[in-house]
Amino acid sequence: QVQLSESGGGLVPPGGSLRLSCQVSGGTFKTYTMAWFRQAPGKEREFVASNRRVGEGTYYGDAVKGRFTMSRDSAEGAVYLQMNSLRPEDTAVYYCAAAPRLIISALGLPHMYHYWGRGTQVSVSS
């Protein structure tokens with residue numbers, strides 16, 4: 001059973017930065033597609049970033065390209081999301097997700113991911 005646990009959320013002013021972490025336990029981390037999604041109140045879950053395995057490229061949602069960077073550490077069994085130049089519209093609960101290796105066209109689809117963390121709140125406000 002794969003378990004995911006996010007941390008690192010908080011309140012930051014516009015233009016600030018945060019680094020989210022997702023600790024992964026169980027399963028075979030190296031073979032899993034890992035992703036970050038977010039969900040704001042009253043909105044659908046939105047794709048943020050995904051990486052199929054270490055050494056492959058990372059894919060980003062249009063809203064975060066150039067500002068967010070996803071990384072994964074096989075030794076630590078963790079994934080990270082570095083968020084820079086944060087905007088009020090980035091306010092949401094951020095979720096870590098995992099799935100057995102997905103094809104590229106499926107990376108942005110929440111229903112394709114088998115495992116989810118409980119989420120961590122990110123609020124961007126002055």
Side-chain angles (χ1 to χ4, degrees):
Q1 181 73 15
V2 177
Q3 293 185 320
L4 310 176
S5 179
E6 304 96 335
S7 61
L11 173 64
V12 294
S17 297
L18 276 177
R19 186 182 189 231
L20 305 184
S21 300
C22 173
Q23 191 66 46
V24 183
S25 60
T28 307
F29 177 76
K30 291 184 179 180
T31 66
Y32 275 80
T33 293
M34 300 298 303
W36 289 95
F37 286 83
R38 66 186 184 184
Q39 189 164 19
K43 294 189 176 181
E44 293 185 353
R45 196 158 292 192
E46 178 185 18
F47 172 70
V48 174
S50 182
N51 174 268
R52 296 201 299 168
R53 63 183 298 170
V54 175
E56 289 195 15
T58 299
Y59 299 85
Y60 296 93
D62 289 341
V64 306
K65 281 180 182 176
R67 301 187 298 123
F68 291 12
T69 302
M70 177 181 177
S71 60
R72 61 191 290 172
D73 186 331
S74 294
E76 296 292 329
V79 294
Y80 306 97
L81 186 68
Q82 178 66 42
M83 306 185 295
N84 298 327
S85 302
L86 282 162
R87 305 167 180 168
E89 54 263 40
D90 294 318
T91 295
V93 177
Y94 283 70
Y95 297 93
C96 180
R101 187 171 173 85
L102 297 178
I103 59 175
I104 293 173
S105 60
L107 294 179
L109 304 176
H111 66 273
M112 297 300 291
Y113 290 83
H114 296 196
Y115 306 103
W116 292 84
R118 293 186 176 184
T120 184
Q121 176 71 47
V122 171
S123 299
V124 184
S125 174
S126 54

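What you are looking at is a predicted structure, and each value in this text was computed from that prediction instead of being measured.
Using a distance-only test at 3.5 Å, with no hydrogens or angles considered, a donor-acceptor pair links the side chain of Ser50 to the main chain of Met34.
Scanning both residues, Glu46 and Ala63, for their nearest heavy atoms gives OE2-CB, 3.7 Å. Closest heavy-atom contact between Ser17 and Asn84: OG-OD1, 3.0 Å.
Here NZ of Lys43 is found 8.5 Å from CZ of Arg38. Values are rounded to the nearest 0.5 Å. Taking OG from Ser123 and CG from Leu11, the interatomic distance works out to 6.0 Å, rounded to the nearest 0.5 Å.
A salt bridge does not link Arg87 to Asp90: none of the charged side-chain nitrogens sits closer than 4.0 Å to a carboxylate oxygen.
For Ser7, the side chain to side chain donor-acceptor pair (under 3.5 Å) test picks out no residue, with sequence neighbours left out.
The aromatic rings of Tyr113 and Phe37 stand perpendicular to each other, their planes meeting at an angle above 60°, with 30° marking the opposite boundary.
A cation-pi arrangement, defined by a distance under 6.0 Å to the six-membered ring centre and an angle within 45 degrees of its axis, is present between Arg45 and Tyr95. Annotation: cation-pi geometry satisfied between Arg72 and Phe29 (NZ/CZ under 6.0 angstrom from ring centroid, within 45° of ring axis).
Tyr80 and Tyr60 are not part of a single hydrophobic cluster, where members link through side-chain heavy atoms under 4.5 Å apart. Linking ILVMFWY side-chain heavy atoms closer than 4.5 Å, directly or via other members, places Leu107 and Leu81 in two distinct hydrophobic clusters.
Residue pairs satisfying the side chain to side chain donor-acceptor pair (under 3.5 Å) criterion with at least one member in residues 96-106, sequence neighbours excluded, are listed as follows: Glu56-Arg101.
A heavy-atom distance below 4.5 Å is found between the side chains of Met83 and Tyr94.
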